[in-house]
Amino acid sequence: MSEQDQHLAVIGLGYVGLPLAVALAELGRTVTGLDIDQKKVASLNRGSSHIPDVPGEAVRRVVEAGRFAATTDAEALRTPDAIFICVPSPFDANRAPDLSYIRSAAQSVQPRLRKGHLIVLESTTYPGTTEEILQPMLESTGLRAGVDFDLAFVPERIDPGQVESKGWTIKNTPKVVGALTPQGARRAAALLENTFRSVNIALVNELALLCERMGIDVWEVIGAAATKPYGFMPFRPGPGVGGHCIPVDPLYLSWKAREFDFHTNFIDLAAQVNDDMPYHVVDLIVRGLSKQGRALDGASVLVLGVAFKRDIDDARNSPAERVMELLMARGAAVCYHDPHVPEFHVGGNVFHRKRERLASIPLTDDAVSSADCIVVVTGHSAVDYRRVAGRARLLVDTCNAVPRDARTRAKVVRLGAS
Ligand SMILES: NC(=O)c1ccc[n+]([C@@H]2O[C@H](COP(=O)([O-])OP(=O)(O)OC[C@H]3O[C@@H](n4cnc5c(N)ncnc54)[C@H](O)[C@@H]3O)[C@@H](O)[C@H]2O)c1
């Protein structure tokens with residue numbers, strides 16, 4: 001069979017699975033996408049996309065060419081030659097790995113596994129998942145990995161929201177492959193990459209707090225350091241880390257390390273510093289309000305940006321969630337505006353008991369000028385920060401989004417600067 005004739009399946013059509021499925025279909029393979037979400041499946045088959053980095057036009061082309069079809073029926077896994085598992089790998093309420101999605105995807109494969117199949121785990125997870133969880137589940141069918149079917153771990157590297165600006169797409173980003181061979185050590189690669197980011201962000205977050213105490217502007221410090229053409233990689237402080245990777249993957253590694261009596265001090269310290277940042281943001285708001293003679297209790301706070309990163313629509317594990325919960329728990333009336341996230345859920349946990357579903361409000365002049373405080377959590381480029389600065393009564397900027405020369409109605413409280 002030529003590569004072009006290959007029939008492939010992707011389980012989980014989210015931020016990782018859909019770009020992969022469409023890229024494979026564009027390469028001429030026939031791709032079946034399996035997802036448990038009926039709505040996503042129906043809209044994909046109509047040729048539209050729910051992932052901003054995958055144009056609807058690209059989905060429509062591969063659907064119309066008969067190269068891609070989505071389904072909720074796991075029976076569709078019988079025919080493909082290779083199956084890519086791209087389901088979520090979050091942590092649970094106690095920050096332990098939640099492998100339930102990977103197990104359930106493996107259960108869909110189990111009764112359809114056959115000789116010659118290649119099963120590839122793309123979800124990011126701790127080293128050992130492939131051999132300790134996936135392999136035994138698949139071998140319970142009587143077929144043997146490495147003999148009857150192949151099993152590999154290829155952690156995804158995708159940088160949402162950066163596809164257009166930086167040009168790194170699924171097609172030109174190198175990937176690390178670990179199969180059931182001596183390449184096992186490479187499996188830690190994805191976790192190392194995200195741990196690297198988590199630790200460096202924590203370092204710069206800590207420096208931001210120090211700069212505030214010392215009356216130094218951390219953003220100027222980073223800008224100056226970044227003029228060094230070698231040996232320095234700029235990381236920027238912010239309200240905390242979010243998303244599916246940086247706050248999660250290092251904890252998968254540190255959880256696994258404990259099995260070996262090993263304490264990953266850097267990972268744990270980085271998580272602690274990064275987790276403290278939303279509390280610091282609330283502190284900045286409280287201080288800013290009290291300078292104006294106001295208390296947080298009863299104040300109205302408008303949060304600008306709830307996605308976990310600039311210019312994307314993904315709000316999973318966003319630091320905005322904790323900031324808003326802490327504000328609500330202390331009596332503030334909280335609303336938000338995010339041009340990419342129409343709806344946002346907060347609470348239902350120990351930080352704020354009540355589970356609340358909020359809708360993004362329009363960023364009208366009135367909404368800006370009537371809020372007691374505006375806090376920029378995510379600096380989306382679609383927001384006009386000059387307009388906001390000119391009308392806000394108090395503006396707390398956690399990500400240096402407000403231009404330095406903006407005309408302001410009140411002083412801007414900038415995280416990492418005095
Ligand atoms: N989003 C990123 O930027 C990114 C980057 C690199 C790696 N990863 C990793 O890739 C994996 C997937 O992340 P994502 O962001 O694509 O998640 P996602 O939530 O966007 O997509 C996952 C999809 O899987 C579906 N799903 C869940 N259980 C299923 C099952 N049993 N059968 C079929 N479909 C199922 C969901 O409905 C959803 O559509 C995670 O392990 C994540 O850590 C994500």
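We number each residue from 1, following the sequence as shown. Counting convention: from 1, in listed order, for ligands and their atoms alike. Model, not experiment: these values are computed from the prediction.
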Problem - Nitrogen or oxygen atoms of D249 and ligand 1 under 3.5 Å apart - result: no
Exercise for the section: Decide whether S100 and D98 meet the rule of one side-chain donor and one side-chain acceptor closer than 3.5 Å. Expected result: yes
Problem - Near-ring test F266/F196, centroid separation under 6.0 angstrom - result: no
Handout entry: E321-H345 side chain donor-acceptor pair, cut-off 3.5 Å
Key = no
Exercise for the section: List the closest protein heavy-atom neighbour of atom 1 (N) of ligand 1: residue, atom name, distance to the nearest 0.1 Å. Expected result: Y15 CB, 3.5 Å
Handout entry: Separation between CG of L138 and CG of L143, rounded to the nearest 0.5 Å
Key = 9.0 Å
Problem - Close N or O approach (D37, ligand 1; < 3.5 Å) - result: no
Exercise for the section: Assess the side chains of N194 and Y252: does a donor N or O sit below 3.5 Å from an acceptor N or O? Expected result: no
Exercise for the section: Please identify which atoms of ligand 1 are closer than 4.0 Å to at least one heavy atom of S123. Expected result: 11 (C), 41 (O)
Problem - Closest protein heavy atom (residue, atom, distance) for atom 42 (C) of ligand 1 - result: H244 ND1, 3.5 Å
Problem - Distance-only N or O hit between ligand 1 and C86, under 3.5 Å - result: no
Completion exercise
The protein heavy atom nearest to atom 9 (C) of ligand 1 is T124 OG1, 3.3 Å
Handout entry: Distance from atom 2 (C) of ligand 1 to nearest protein heavy atom, with residue and atom
Key = I158 CG2, 3.7 Å
Problem - Shortest protein heavy-atom distance from atom 31 (N) of ligand 1, along with the residue and atom involved - result: S104 OG, 2.6 Å
Fill in the blank from the handout: Restricting to heavy atoms, the pick from C245, G14, G33, P155 nearest atom 21 (O) of ligand 1 would be G14
Practice task
Indicate whether the side chain of Q135 and that of E131 have a donor and an acceptor atom separated by less than 3.5 Å.
Solution key: no
Completion exercise
protein heavy-atom neighbour closest to atom 11 (C) of ligand 1 works out as V87 O, 3.4 Å
Exercise for the section: Within a distance under 4.0 Å of any heavy atom of A105, pick out the atoms of ligand 1 and give their elements. Expected result: 31 (N)
Handout entry: Rounded distance [0.5 Å steps], CG in L151 versus CZ in R144
Key = 13.5 Å
Problem - D314 N/O under 3.5 Å from ligand 1 N/O - result: no
Practice task
Report yes if R316 has an N/O atom closer than 3.5 Å to an N/O atom of ligand 1; otherwise report no.
Solution key: yes
Problem - Distance filter under 4.0 Å to I11 heavy atoms, resulting ligand 1 atoms - result: 32 (N), 33 (C)
Handout entry: Best match, P88, A106, S89: closest heavy atom to atom 41 (O) of ligand 1
Key = S89
Problem - Given F91, F262, Y126, the one that forms ring-ring contact (aromatic ring centres under 6.0 Å, His included) with W255 - result: Y126
Practice task
Measure the distance from atom 10 (O) of ligand 1 to every protein heavy atom, then report the residue, atom name and distance (to 0.1 Å) of the closest one.
Solution key: V16 CG2, 3.4 Å
Exercise for the section: Check ligand 1 against L34 and write out every atom of the ligand that is under 4.0 Å from a heavy-atom position of the residue. Expected result: 33 (C), 34 (N)
Exercise for the section: For N400 and R236, test the side chains for any donor-to-acceptor distance below 3.5 angstrom and give the result as yes or no. Expected result: no
Problem - Minimum-distance protein heavy atom relative to atom 24 (O) of ligand 1 - result: G12 CA, 3.2 Å
Handout entry: Side-chain H-bond candidate by donor/acceptor type, T32 with H7, under 3.5 Å
Key = yes
Problem - S108, any N or O under 3.5 Å of ligand 1 N or O - result: no
Practice task
Answer yes if the side chains of D338 and S360 hold a donor-acceptor pair under 3.5 Å, and no otherwise.
Solution key: no
